[in-house]
*Asks:* 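The structure that follows is given in the form of structure tokens.
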Protein chains: 2
Amino acid sequence: MTVERACDVLLLFAELPQARLGVTEIATTLELSKPAVHRILSSLRNKGMVELDPSNRKYSLGPVILNLGLSYLDKLDIQAIAAPELARLSRATNETATLSVRAGDGRVYVDQVTPHREVLMSVQIGILHPLHAGASSKAFLAHLPDEEIDRHLGEPLRLLTPRTVVDPVSLRRELAAIRQRGWARSVGERQAGAASVAAPVLDVRGHPLAVVSVCGPAERFEPEMATCVEHLLAATARLSARAGRPADGGPPTVAAGGP
Amino acid sequence: MTVERACDVLLLFAELPQARLGVTEIATTLELSKPAVHRILSSLRNKGMVELDPSNRKYSLGPVILNLGLSYLDKLDIQAIAAPELARLSRATNETATLSVRAGDGRVYVDQVTPHREVLMSVQIGILHPLHAGASSKAFLAHLPDEEIDRHLGEPLRLLTPRTVVDPVSLRRELAAIRQRGWARSVGERQAGAASVAAPVLDVRGHPLAVVSVCGPAERFEPEMATCVEHLLAATARLSARAGRPADGGPPTVAAGGP
DNA sequence: AGCCGTGTTCCGATATTCGGAGCTGCATTC
DNA sequence: GAATGCAGCTCCGAATATCGGAACACGGCT
């Protein structure tokens, strides 16, 4: 009970635009007695969660709160928090939802949820894929810093399927479009007969933490693509929020140059 | 009492490297009874401060904690938290300590603490200064993104004193040196007869939130400079930590190119 | 100087937390 | 597959920490 009240006090600081609050202000807003608020604030102050400005006698959030927040980010287990989103995505689209993270020079699928259908797409978990082909790969590549993009496009690009784009100029144009609209698409670039859309989960600095994709057999996937993108972006927006990205989105990426 | 225990539980998550903790684990570490820990965790969970993984029955920090931390950053009042550091700096060096923030195309002093001496330096609060002359200005400029540096050096640079550096090439060399060593110096560049050292307060992304300087009359300041820098960097390191910068420092700035 | 609003302290009453003991459910073991 | 162990959860009377009204300090205002 008391600890829930203490949480309410902390949350009040987060909700209200003003940084400094007085005891009475908090008490009336939360409908608590002044002594109760005072006791709670004293306890929180002992632990550094809030600070007291002795001149004003106003309280504000303390630096320890920041430590906790950063610790949350440190320990962020993207696979764990993405799992329910993948399940939801797969159910909503009736296709396969995947999660990729970077590994070495490329990326690997670390998780997937497949739909309950006879014809479906299933990716291989743990296999290294290059960053120049396929929606998930391009979603990563598009949101990397310019130097890394240059590095990847400097290497010769392997032709994985007949539809793989290996021309650096075309690929750069494609990456710019992906950055702008926030998602990538591919039809058979990495895997012949497969199609997919993918979008990144961005952290507070705009770096891609992971990429989520929805994919399926090419023939039936292409007409579904628009609705898949809709669900996909909703999912990645929620995940990015949990990685510290503000709700309004912010700049597409730190490395995105002007238009 | 209980809310302090609840804080201890949260802090335990931040201190320990592992992200997920069980009830017994927490209870033994904190020397609390299991029911007490369970009650606390339930309350915290109701408020989203911690999350429960139903499969493991392990608890971890929740996304609300991140909201609180980001809210702390939003409301960060650099002037308020810098005030005691300025006082300490001025006392330690027996010179004037100042705080500047960016404003428009330049910067303004927003606070200062002067020493108790007859001959001293006092800056004017609230006056806009350009970013190319003086230690505080150069400390800002050196840590801005490359595009902004280019923009500032593209404009013609005004000669404020006979010692102002107006040659873009020399200035760029100077800025690189400032980035590398983490602090800037000036002798009479902005104000004839004055000398100062300055260092930035960097936020979590490496952007300069404010600049702290120590300054005084040129003749007596120059021999004191080494010790002033020492105290200055200690102060800005503490302030940067409170703005989310990890203790180890990290890269000097996001915009700093290769050596 | 006197007032008002705020933060703080005091107090008995009581509701809440306390922790030992016991229960449940999962997992590992033989 | 039954038994064992462990961890989490629930129950309970006892006790103590929290509760809130009221009174007290402390500044800032008029």
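Proteins come first, then strands; the chains are lettered A, B, ... in the order of their sequence lines, and each starts at number 1. Just the heavy atoms: all of them, side chains too, but no hydrogens, waters or symmetry mates, feed the values below.
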*Asks:* Mapping A:R5 and A:K34 onto DNA chain D by nearest heavy atom, which one lands closer to the 5' end?
*Replies:* A:R5
*Asks:* Measure the distance from CZ on B:R20 to C1' on D:dA7 and round it to the nearest whole Å.
*Replies:* 17 Å
*Asks:* Figure out the CG/P separation between B:L21 and D:dG8, and round it to whole Å.
*Replies:* 10 Å
*Asks:* Where do B:A199 and B:T236 come nearest, in terms of heavy atoms and distance?
*Replies:* O-CG2, 3.6 Å
*Asks:* By nearest heavy atom, map B:P35 and A:P35 onto DNA chain C; which one lands nearer the 5' end?
*Replies:* A:P35
*Asks:* Compare side-chain N and O positions of B:Y59 against OP1 and OP2 of D:dA7 and report whether any pair is under 4.0 Å apart.
*Replies:* no
*Asks:* Taking OP1 and OP2 of C:dT16, is either one under 4.0 Å from a side-chain nitrogen or oxygen of A:T2?
*Replies:* no
*Asks:* Would you mind reading off the distance between B:R45 atom CZ and D:dG8 atom P, rounded to a whole angstrom?
*Replies:* 13 Å
*Asks:* Among the candidates C:dT16, C:dT8, C:dG19, find the nucleotide nearest to the side-chain atoms of A:M1.
*Replies:* C:dT16
*Asks:* Find the distance B:N56:CG to C:dC26:C1' and express it as a whole number of Å.
*Replies:* 12 Å
*Asks:* Measure CD1/B:I40 against C1'/D:dT10 and give the value in whole Å, please.
*Replies:* 17 Å
*Asks:* Go nucleotide by nucleotide along DNA chain D from the 5' end; which of A:S33 and B:L41 gets its closest nucleotide reached first?
*Replies:* B:L41
*Asks:* How many Å lie between NE2 on A:H38 and C1' on C:dC10, as a whole number?
*Replies:* 13 Å
*Asks:* Between A:T227 and A:E224, is there a donor-acceptor pair closer than 3.5 Å when you use the side chain of the first and the backbone of the second?
*Replies:* yes
*Asks:* For residues B:V64 and B:G48, report the shortest heavy-atom separation together with the two atoms involved.
*Replies:* CB-O, 3.3 Å
*Asks:* If you only use heavy atoms from C-beta on, which nucleotide in C:dG7, C:dC18, C:dT8 is closest to the side chain of B:R39?
*Replies:* C:dC18
*Asks:* For the pair made of CD in B:E4 and P in C:dC18, what is the distance, rounded to whole Å?
*Replies:* 12 Å
*Asks:* Does a side chain donor of either A:S122 or A:T114 reach within less than 3.5 Å of an acceptor in the other side chain?
*Replies:* no
*Asks:* Before giving the answer on salt bridge (charged side-chain N to carboxylate O under 4.0 Å, His left out), spell out for B:E51 and B:K58 the whole-Å C-alpha distance, their side-chain angles and the decisive distance to 0.1 Å.
*Replies:* CA-CA 8 Å; B:E51 280 183 324; B:K58 299 269 188 190; over 6 Å; no
*Asks:* Roughly how many Å is it from CG in B:L32 to C1' in C:dG20, rounded to a whole number?
*Replies:* 15 Å
